[in-house]
There are 2 protein chains.
Amino acid sequence: MDGTPPDYECILRDAGLRITKPRRIILEILSETDDHPDAAEIFRRAVQRDARLSLATVYRTMKVLEESGAIQRHAFGDGPARFEQIGEDHHDHLIDVDTGDVIEFTSSRIEALQDEIAERLGYQIVHHKLELYGRKLRPQPQRRRKAKA
Amino acid sequence: MDGTPPDYECILRDAGLRITKPRRIILEILSETDDHPDAAEIFRRAVQRDARLSLATVYRTMKVLEESGAIQRHAFGDGPARFEQIGEDHHDHLIDVDTGDVIEFTSSRIEALQDEIAERLGYQIVHHKLELYGRKLRPQPQRRRKAKA
DNA sequence: ATGCAAATGCAAACCGTTTGCAAAAACAAT
DNA sequence: ATTGTTTTTGCAAACGGTTTGCATTTGCAT
């Protein structure tokens, strides 16, 4: 499409995987979004770019990408797995219990505490999951009370 | 943990549920264990006490107990849901990635940080999930290196 | 082009969990 | 205890998300 070489191809190549149309499409989708789509959603978006792509391929690709460290799988609440590409930054998630929206955040202080705790228990952390499930608190109680309930 | 009469009956009564044999058995099992069994495991243990109990009942009971706030459901990693009865203390979990063992811990400092972060993002925490996935670090590297094997 | 391994699509299998339904059990009233 | 009413149960079938067997297509090195 353009001139700049996209690096999802590198991702695949580095993982010793073949560069196929389905994989390219899926990686494109992942790199274009900043939300956390599940397999069905990725499939929906992917089919628009190549109608004969299958859900099974989405799942297979997600697995393979996860194993090669290109993406991360999440299991928020109980629903289907949701995915995001991995950036340099590690972050945790705040999930809006009402809307399902996901807000990313980081806290090096929490990370540090985690390491400390694990070590104290005789463990080394492989990975961790911190999810805050919250509800929007009504905007600024310090505003003038006139402005509608 | 003590000698006082078990109050699983109260739990049911308080929740407006009927006291049935299956429910009593399941609550017994839950209150006797300190691990985090999944539905199948609870079923296995329950069948030994009443052979005609069904897995569906286990699931239904777990749901009902969760809704009434008597137990808590966890989804460690990707496997089946695992349950534990709710005590007064809130705690988080460190999961041994090799064995599946679960170690409970608490950290008020982390809790405080979580509240702080959520508030900064304009949210109020409804609940949260902190799971550390770790591997046992080989015991005390500061011992004499002679031992081994 | 050619050949071979890897990847795909399809449909069927899978696993944990839920559900419809008729039979059984709990509780309340007698 | 005997009812009557409602909840709960067991079974088996359905479910939703995910995986898999297999024949076909594709990528890619030759």
Side-chain angles (χ1 to χ4, degrees), chain A residues 8-29 36-68 70-83 100, chain B residues 8-29 36-68 70-83 100:
Chain A
Y8 10 96
E9 305 225 346
C10 302
I11 294 177
L12 291 174
R13 219 178 283 280
D14 291 354
L17 298 169
R18 289 189 176 173
I19 300 175
T20 68
K21 200 169 169 188
R23 287 178 179 162
R24 224 177 335 214
I25 291 176
I26 291 171
L27 277 170
E28 265 174 44
I29 289 172
H36 301 67
D38 59 24
E41 176 60 27
I42 292 171
F43 175 62
R44 256 173 254 126
R45 299 180 194 176
V47 165
Q48 293 173 211
R49 311 193 190 192
D50 180 350
R52 70 193 133 196
L53 197 147
S54 81
L55 221 208
T57 296
V58 173
Y59 277 110
R60 277 190 279 237
T61 302
M62 301 327 278
K63 175 189 283 191
V64 127
L65 288 179
E66 186 188 10
E67 284 166 356
S68 69
I71 65 165
Q72 192 163 339
R73 174 191 304 259
H74 299 288
F76 300 136
D78 47 357
R82 297 171 64 177
F83 304 89
Chain B
Y8 11 98
E9 305 227 346
C10 302
I11 293 177
L12 291 173
R13 218 178 283 281
D14 290 353
L17 298 169
R18 289 187 177 176
I19 299 174
T20 68
K21 201 168 169 190
R23 285 178 180 161
R24 224 174 338 213
I25 291 176
I26 292 171
L27 276 170
E28 265 174 46
I29 290 173
H36 301 68
D38 59 24
E41 176 61 27
I42 292 170
F43 176 61
R44 254 172 255 127
R45 299 182 193 175
V47 165
Q48 292 173 212
R49 312 194 189 190
D50 179 350
R52 68 194 133 196
L53 197 146
S54 80
L55 182 54
T57 296
V58 173
Y59 277 109
R60 276 191 279 237
T61 302
M62 300 328 278
K63 176 189 282 193
V64 128
L65 289 179
E66 186 188 9
E67 285 166 356
S68 69
I71 65 164
Q72 192 163 339
R73 173 191 304 261
H74 298 289
F76 301 136
D78 47 357
R82 298 170 64 177
F83 305 89

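Residue numbers begin at 1 in each chain, while the letters A, B, ... track the order of the sequences.
- Using a 4.0 Å heavy-atom cutoff across all strands shown, Arg52(B) reaches sugar-phosphate atoms only and no base atom.
- Between the CZ atom in Arg23(A) and the CG atom in Leu53(A) there is a gap of 11.5 Å [rounded to 0.5 Å].
- Once rounded to the nearest 0.5 Å, the distance linking CD1 of Ile42(B) with OH of Tyr59(B) reads 9.5 Å.
- Contact check on Arg49(A) versus Glu28(A) returns a salt bridge, with a Lys/Arg side-chain nitrogen under 4.0 Å from an Asp/Glu carboxylate oxygen.
- Nucleotide dT30(D) has dA1(C) as its partner under the Watson-Crick or G-U criteria, with both atom distances under 3.5 Å.
- Of the residues near DNA chain C, Ala81(B) and Leu17(B), the one whose nearest nucleotide (by heavy atom distance) lies more toward the 5' end is Ala81(B).
- Closest heavy-atom contact between Ala70(B) and Ile11(B): CB-CG2, 3.5 Å.
- Taking atom CZ on Arg13(A) and atom P on dG27(D), their separation rounds to 13 Å, with Å as the unit.
- Note: OH (Tyr59(B)) to C1' (dT17(C)) measures 5 Å, nearest angstrom.
- Going from atom SG of Cys10(B) over to atom CG of Leu27(B) covers 11.0 Å, rounded to the nearest 0.5 Å.
- Distance from the side chain of Pro80(A) is smallest for dG17(D) among the nucleotides dT8(D), dC10(C), dG17(D).
- Straight-line distance from the CZ atom of Phe43(A) to the P atom of dT8(C): 13 Å, rounded to whole Å.
- In this structure, Glu41(B) atom CD and dG16(C) atom P are separated by 13 Å, rounded to whole Å.
- Nucleotide dG17(D) holds its C1' atom 13 Å from the CZ atom of Arg44(A), rounded to whole Å.
- Contact annotation: Thr57(B) does not reach the phosphate of dT8(D) (side-chain N/O to OP1 or OP2, under 4.0 Å).
- Residue Ala40(A) is out of contact with every strand shown, counting any heavy-atom pair closer than 4.0 Å.
- Where Arg18(B) and Asp50(B) meet DNA chain D, the nucleotide closest to each residue was compared, and Arg18(B) sits on the side nearer the 5' end.
- In terms of position along DNA chain C, the nucleotide closest to Arg73(B) lies nearer the 5' end than the nucleotide closest to the other residue of the pair Arg24(B) and Arg73(B).
- At whole-Å resolution of the value, CG in Leu55(B) and P in dC15(C) are 14 Å apart.
- Within the nucleic acid shown, Arg60(A) comes within 4.0 Å of at least one base atom, counting heavy atoms only.
- Judged by distance alone with a 3.5 Å cut-off, no donor-acceptor contact links the side chain of Arg23(A) to the base of dA7(C).
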